[in-house]
Protein chains: 2
Amino acid sequence: MTEPLKIALAGLGTVGTGVVRLIETNAQLIARRARRPVQITAVSARDRTKDRGVDLSAYAWVDDPAELATREDVDVVVEMVGGSDGPALAIARTALAHGKSLVTANKAMLAHHGLELAETAEKAGAALKFEAAVAGGIPVVNGLIDGAAANAVERVYGILNGTCNYILSTMEDTGADFGDVLADAQRLGYAEADPTFDVEGIDAAHKLSLLASIAFGARLDFDAVECVGISQVKAADIAQAQDLGYVIRLIGMSEVDTAEGSPRLFQRVRPFLVPTGHPLANVDGPTNAIVAEGNFVGRLLFQGAGAGDGPTASAVVADIIDIARGEKGPAFAMPVAELEVMEPAASGHRVSSFYIRFTVPDRPGVLAEITAAMRDAGVSIESMIQKGDPDQDGEVILAIVTHPGPESGVVEAVRILDGSASLIAPPLVMQILGS
Amino acid sequence: MTEPLKIALAGLGTVGTGVVRLIETNAQLIARRARRPVQITAVSARDRTKDRGVDLSAYAWVDDPAELATREDVDVVVEMVGGSDGPALAIARTALAHGKSLVTANKAMLAHHGLELAETAEKAGAALKFEAAVAGGIPVVNGLIDGAAANAVERVYGILNGTCNYILSTMEDTGADFGDVLADAQRLGYAEADPTFDVEGIDAAHKLSLLASIAFGARLDFDAVECVGISQVKAADIAQAQDLGYVIRLIGMSEVDTAEGSPRLFQRVRPFLVPTGHPLANVDGPTNAIVAEGNFVGRLLFQGAGAGDGPTASAVVADIIDIARGEKGPAFAMPVAELEVMEPAASGHRVSSFYIRFTVPDRPGVLAEITAAMRDAGVSIESMIQKGDPDQDGEVILAIVTHPGPESGVVEAVRILDGSASLIAPPLVMQILGS
């Protein structure tokens, strides 16, 4: 096995140039670990003239990325173009159809077309690998497919979006409100100009759908991920959570639910209250962390940088090294045909404690109306906090923490209060993560 | 690849029976993930009559474990006998020499004989795998060999002994002294009747030597691990560390040091002061956690159960699944002949802050003598704490934290004070982990 593995790169943005830098910097080490050299042969991007800070003169420049799929001197195509459809998908389809292995960090494309691409790879005898798509540099796909392979995974959950985690932990440290911290994050490059995919939880949902499929051997089902972002979280929520012994984190969580008979797939991205003693509560800044709970291993935690060119390149090249070693197992740990079809799980019967935040006018009777709705919905209140005086508009923030109970009760209480003059804004409901 | 992979178990203690339970409980899942069934065919242990809570009647019972190496119906021997030499080593040597793959959780045997066994495996075309030997259920060997494969690892360190971590974090929570917590841990089964291997850091040193070899591509060198345990840590140290913003953890740390020209291997197991904001500071109870710092990925953290039959069985069967998939790469990530010979690194030039605890009589002049020794050794003092009144013997605990400086200065200060009447007991020096 001393024949080099020949790599083509499609897309030369920050991650693409990171991959070039990594393969050049660590070339000797990679050859020792992969047991054969890894060699870039061809590259493709939109603008040939742009200065990317790396010397590309040793590699063939290809204007049309589709050509990479047919070149004799390419074994693996690395897709770093981005976007769920369009050129990225075309490159992926063409490369796999021609029997080239594909490595990608493109979670949006995989969330929408992962099964189709995995099937194409299987038919062609090629590998499809995407470690970098789930949690940046953290080897959690490998951790689930290899490290935890002996376990029935009972639950997988974690912090999957670095932008949201940066915003929430900065709100925590500074007391600033969401909008101000987002603006800072945009200036610092931690958030995109259009932050929707990150702050509304869509990016985390893409990643969660991939994790869930691998962890549970289930068919990928991105459309079924229930998804709420962090844009409604206020500085007051974070302060109240802290008083109660919690921090707020955007958590993606998935498990197999058998309450309705056949196994169903529960997938949720939402802000959670996390007890300060929980390992995820100590994850600050743009860091990601994933917990996998197995029936023999118990709780495993994988933590590291969830984004950035260095960490992403590290995961991309780890996949390339696997391919160089001949480890070309199925993309989702088992062949697509063997993945179980699981309907989306209902959530009404799920038992948890909740934090419910109401924005209310400062007048008599409000509390009576809210507590009556709770009672009528069968929700038992553990504690209630009202901190500070009304603001200049006479608004007060009221937070309730419930005893553990079925989620349907909280939904019903919110429904009862819908449209009430006692509520200035719709309530924000956050689940409390068990320790 | 539907031919089953046939497994023989040597040793049926708690881990061995855990492996039986796991392979039986998760049989279907393992077959899907391994892409072929995994089947126990033969078992061997000292006492056939003992009730182990699992039904062994379906497996051939073999009195002489050496026989497992020659049986036609065995592809992989799982060694769970324990001990660095004796029967465990005989089983390992014989199995590999006969071309059977070997899976083991035996860190003591590997620390002493790992290279010899890896060479035997290479010659025979067999696999030698030991995920369970390094950190129980945590897939950190896999994480380094696969997940972080693209990186030059700059440093690897962590909490590698659950018994010590249980004792230290319990001392922290209860204020109790080492001896009392150890006795409790022995009653609860967290510590052995003879706790030397654990509390003196030898078990952590075994594991660190394996980690270092894999992380740095260096020849295993257990004898060069500098090793100090936790038996000298007092409740007063923990209280003082807390006041300063630290917790105390037994840390194994390794890095490649190039200060002396050619790369040298630094390997140390010692109690460290860990800043409370560091991920390792939040690791409590019998949990293990390992940090690997790579030149592209940055800091990765792997955390989970470091011992116990379920987690250990999880790691053993993960190795078996790798072998079933045909992933039989070299034991230490590269062939033994390619591992670099690295001399042990000196430590005098290493720059760090230190905590030095003195036990002194409560009389004038003591402080002057200690601070003069510090000055003469060129050690700069950042802070000094003396908490509480002298005890009934007139002894006082005095703790000094130094500014960052070369380790040689602290060694020299302690040398100057050696034999002084101002010291009732030898000082305890602990390094402070950088954040």
Side-chain angles (χ1 to χ4, degrees), chain A residues 18 21-23 25-26 29-30 32-35 131 136-140 142-143 145-152 217 277 279 281-284 289 294-305 308-311 313-318 320-322 325-327 329-330 333-335 338, chain B residues 18 21-23 25-26 29-30 32-35 131 136-140 142-143 145-152 217 277 279 281-284 289 294-305 308-311 313-318 320-322 325-327 329-330 333-335 338:
Chain A
R21 262 205 318 281
L22 196 167
I23 290 179
T25 308
N26 291 351
L29 188 74
I30 291 169
R32 287 172 77 197
R33 296 225 180 105
R35 306 191 281 280
E131 182 64 83
I138 310 172
V140 64
N142 180 58
I145 293 185
D146 270 17
N151 291 270
N282 301 303
V283 179
D284 295 326
N295 66 338
F296 277 78
V297 76
R299 183 186 280 176
L300 287 177
L301 173 76
F302 302 87
Q303 185 173 322
D309 54 339
S314 165
V316 165
V317 180
I320 293 173
I321 292 174
D322 270 353
R325 289 173 178 162
E327 296 174 8
M334 44 191 85
E338 290 177 32
Chain B
R21 261 204 320 280
L22 196 167
I23 290 179
T25 308
N26 291 351
L29 189 74
I30 291 169
R32 287 172 76 198
R33 297 224 180 106
R35 306 192 282 281
E131 183 63 84
I138 309 172
V140 65
N142 181 56
I145 293 185
D146 271 14
N151 290 270
N282 301 303
V283 179
D284 296 325
N295 67 338
F296 277 77
V297 76
R299 183 187 280 177
L300 287 177
L301 173 75
F302 302 87
Q303 185 172 324
D309 55 339
S314 166
V316 165
V317 179
I320 292 173
I321 291 173
D322 269 353
R325 288 173 178 161
E327 297 174 7
M334 42 192 86
E338 290 178 32

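Each chain gets a letter, A, B and so on, in the order the sequences are listed, and its residues count up from 1.
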Answer yes or no: is there a donor N or O on one side and an acceptor on the other, between the side chain of Glu131(A) and the main chain of Asn142(A), under 3.5 Å?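 Yes, the answer is positive, given that a donor and an acceptor are paired below the 3.5 Å cut-off.
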Closest heavy-atom pair and its distance - [X], [Y]:
| X | Y | value |
| --- | --- | --- |
| Ser314(A) | Phe296(B) | CB-CB, 4.3 Å |
| Glu338(B) | Arg32(A) | O-NH2, 2.8 Å |
| Pro330(B) | Arg35(A) | CD-NH1, 3.3 Å |
| Arg325(A) | Ala149(B) | NH2-CB, 4.2 Å |
| Ala318(B) | Gly147(A) | CB-O, 3.6 Å |

Chain A interface, residue from [options] that has the most non-hydrogen pairs under 4.5 Å:
| options | result |
| --- | --- |
| Ala152(B), Pro335(B), Pro279(B), Gly308(B) | Ala152(B) |
| Ile320(B), Val140(B), Asn151(B) | Asn151(B) |
| Ile30(B), Asn282(B), Val317(B) | Asn282(B) |
| Gly143(B), Gly294(B), Gly137(B) | Gly137(B) |

Is it the side chain or the backbone of [X] that comes within 4.5 Å of chain B heavy atoms, both, or neither?
| X | value |
| --- | --- |
| Ile321(A) | side chain |
| Ile145(A) | both |
| Ala148(A) | backbone |
| Asp322(A) | side chain |

Can you say whether [X] sits under 4.5 Å from chain A via the side chain, the backbone, both, or neither, judging by heavy atoms?
| X | value |
| --- | --- |
| Asn295(B) | side chain |
| Ala315(B) | neither |
| Leu300(B) | both |

With rounding to the nearest 0.5 angstrom, report the CG to CZ distance, Asn26(B) to Arg21(B). 11.5 Å
Who are the side-chain contact (heavy atoms from CB on, under 4.5 Å) partners of Ala289(A), not counting sequence neighbours?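 Testing Ala289(A) for side-chain contact (heavy atoms from CB on, under 4.5 Å), a comparison that skips the adjacent residues, returns Leu280(A), Val283(A), Leu301(A), Gln303(A).
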